[in-house]
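Take a look at the structure below.
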There are 2 protein chains.
Amino acid sequence: MSSAQVSPSVAGSESVTRILDEAVELINAHGLAGFSMRALAKALGQQPGALYWHIRDKQTLLAAVAQRLLASIPHDPEESLLDVVTAFRVQLRELTDGAEIVLSSIAMGFNLDQLHARFVAAAERDGRELNEARTLATTLVHHCLGHVMHEQQCAQTRRLGLHQGAGDSASVAITADDETFQQSVRLICGT
Amino acid sequence: MSSAQVSPSVAGSESVTRILDEAVELINAHGLAGFSMRALAKALGQQPGALYWHIRDKQTLLAAVAQRLLASIPHDPEESLLDVVTAFRVQLRELTDGAEIVLSSIAMGFNLDQLHARFVAAAERDGRELNEARTLATTLVHHCLGHVMHEQQCAQTRRLGLHQGAGDSASVAITADDETFQQSVRLICGT
DNA sequence: ACCTGAACACCGTTCAAGT
DNA sequence: ACCTGAACACCGTTCAAGT
């Protein structure tokens, strides 16, 4: 049995850990667009091909990064719905292009069920009925992903320089900042 | 003045139109991941370099595709908030990976202000106060993008074959389908 | 078990030179 | 004005061969 997989549960083969650590560092430094397998190999002092003994491919690597991101959301057994959605957003923002990485990992079979379950549990603790809790959970997850994705893409726009909009760029009607996020969450949760 | 730009307003140089048409066709056929400048050139019967006389680069091309997508949301002056969010989702789904293309175009300076304004206007017609209308608009845009992105990534997972989840794949707790979407919209709008 | 070296089949983009 | 041909500097991935 070759270990050429980043298996969801047993990903701790310690060479894989080193690879993931370095991948996170590079993504944080140069963004997802500036991240390549070849650059990762170079940073690890190896040949590009060497990576493929440890991991299946780039997409699987990114799915593992996404998984690690979600797994490190702090877990409070008494957390409210507001707590968990806030923690989710915080964690997405810890990693450059975190929302894009999580979303695109879905195409790798990565799913958000665990996260969804945490939202549902928190909603039920807040006194919601099960069906309502489920809708609430799904809505908040989708909203948070859309919001942070927007925010992070705007950040990249700024990093690359010019906005191609009109000269005075003060006219941005739709924004994705802290205050907007909180207003949306209050709206969804019904104050 | 070289025309090497897909300028937002005057993009109608008819060669550019042909390029965009073909790009949309290829994206619909093979997804964003399977779309390349070289494949686009081949489909047009040209050399890859020829494209760069008409358009600045790939990202600008995709931003133009996103713009065309948003511009072709049917416009009803009496539309309700529900109408506009539904039309937005329909249009995102017209194009394979449409949500991803729109979201990533934001990094090119592409912004969603026009769309946001339509949401706000519809909300006001529905009797909302301005601040409420703004929050509602932002929330719905972010939610819809997150939702459709999730949905389209899942579709790609299915196209590529296996889910790497457990054997029986019936256990998907979080989904992005029509019914879920409508429930979320009702929740956000307050029934 | 783990890595190198070298290759394969691609990319996006530029730019002289042609017409 | 518009396109070709050819190059540049990259990609992800595979795989024999080494240790």
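Below, each value reflects all heavy atoms present in this structure, side chains not excepted, and no hydrogens, waters or symmetry copies. Per chain, numbering begins at 1; letters A, B, ... match sequence-line order.
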Check: Taking NZ, NE, NH1 and NH2 as the nitrogens, is one of them in Arg118(A) or Asp83(A) under 4.0 Å from a carboxylate oxygen of the other?
Finding: no
Query raised in the report: Do Val84(A) and Leu140(A) come within less than 4.5 Å of each other through their side chains, counting heavy atoms only?
Result: no
Between Gln156(B) and Asp97(B) the two heavy atoms that sit nearest each other are NE2-OD2, 4.3 Å
Rounded to whole Å, the CG-C1' distance (Leu61(B) to dC11(C)) equals 15 Å
Any non-hydrogen side-chain atom of Leu70(B) less than 4.5 Å from a side-chain atom of Phe110(B)?
yes
Ser36(A) has its side chain closest, among dC3(C), dT13(C), dG12(D), to dG12(D)
When Ala39(B) and Arg18(A) are each assigned the nearest nucleotide of DNA chain C, the 5'-most assignment goes to Arg18(A)
Among the nucleotides dC11(D), dT4(D), dC2(D), whichever has the atom closest to the side chain of Arg38(A) is dC11(D)
Rounded to whole Å, the CG-P distance (Leu44(A) to dC2(C)) equals 15 Å
Glu129(B) atom CD, neighbour heavy-atom count above 12 within 6.0 Å: yes
Testing dT13(D), dT13(C), dC2(C) for proximity to the side chain of Trp53(A), the answer is dC2(C)
Here the distance between atom P of dC10(C) and atom CG of Leu40(B), to the nearest Å, is 17 Å
Whole-Å distance, His30(B) NE2 to dC11(C) P, equals 12 Å
Rounded to whole Å, CD1 of Ile55(B) lies from P of dC3(D) at a distance of 12 Å
Closest to the 5' end of DNA chain C, once Ala50(A) and Gly34(B) are matched to their nearest nucleotides, is Ala50(A)
For Gln152(B) and Leu95(B), indicate whether the former's side chain and the latter's backbone hold a donor-acceptor pair under 3.5 Å.
yes
Separation of dT14(D) atom P from Gln46(A) atom CD, nearest Å, is 17 Å
| field | dA9(C) and dC10(D), which share atom name P, separated by this distance in whole Å | value | 22 Å
For the residue pair His143(A) and Phe181(A), categorise the inter-ring angle as parallel (less than 30°), tilted (30 to 60°) or perpendicular (more than 60°). parallel
In whole angstroms, the gap separating P of dT13(D) from CG of Asp57(A) amounts to 5 Å
Regarding the side chain of His54(B), the nearest nucleotide among dG12(D), dT13(C), dC2(D) is dC2(D)
- Message: With a 4.0 Å limit, can you tell me whether Gln47(A) has a side-chain N or O closer than that to the phosphate oxygens OP1/OP2 of dC3(C)?
- Response: no
Would you say dT14(D) has OP1 or OP2 under 4.0 Å from some side-chain N or O of Tyr52(A)? no
Rounded to whole Å, the CG-C1' distance (Leu51(A) to dT13(D)) equals 11 Å
Output field dot_bracket for DNA chain C (Watson-Crick or G-U, both distances under 3.5 Å, | for other-strand pairs) contains ||.|||||...|||||.||
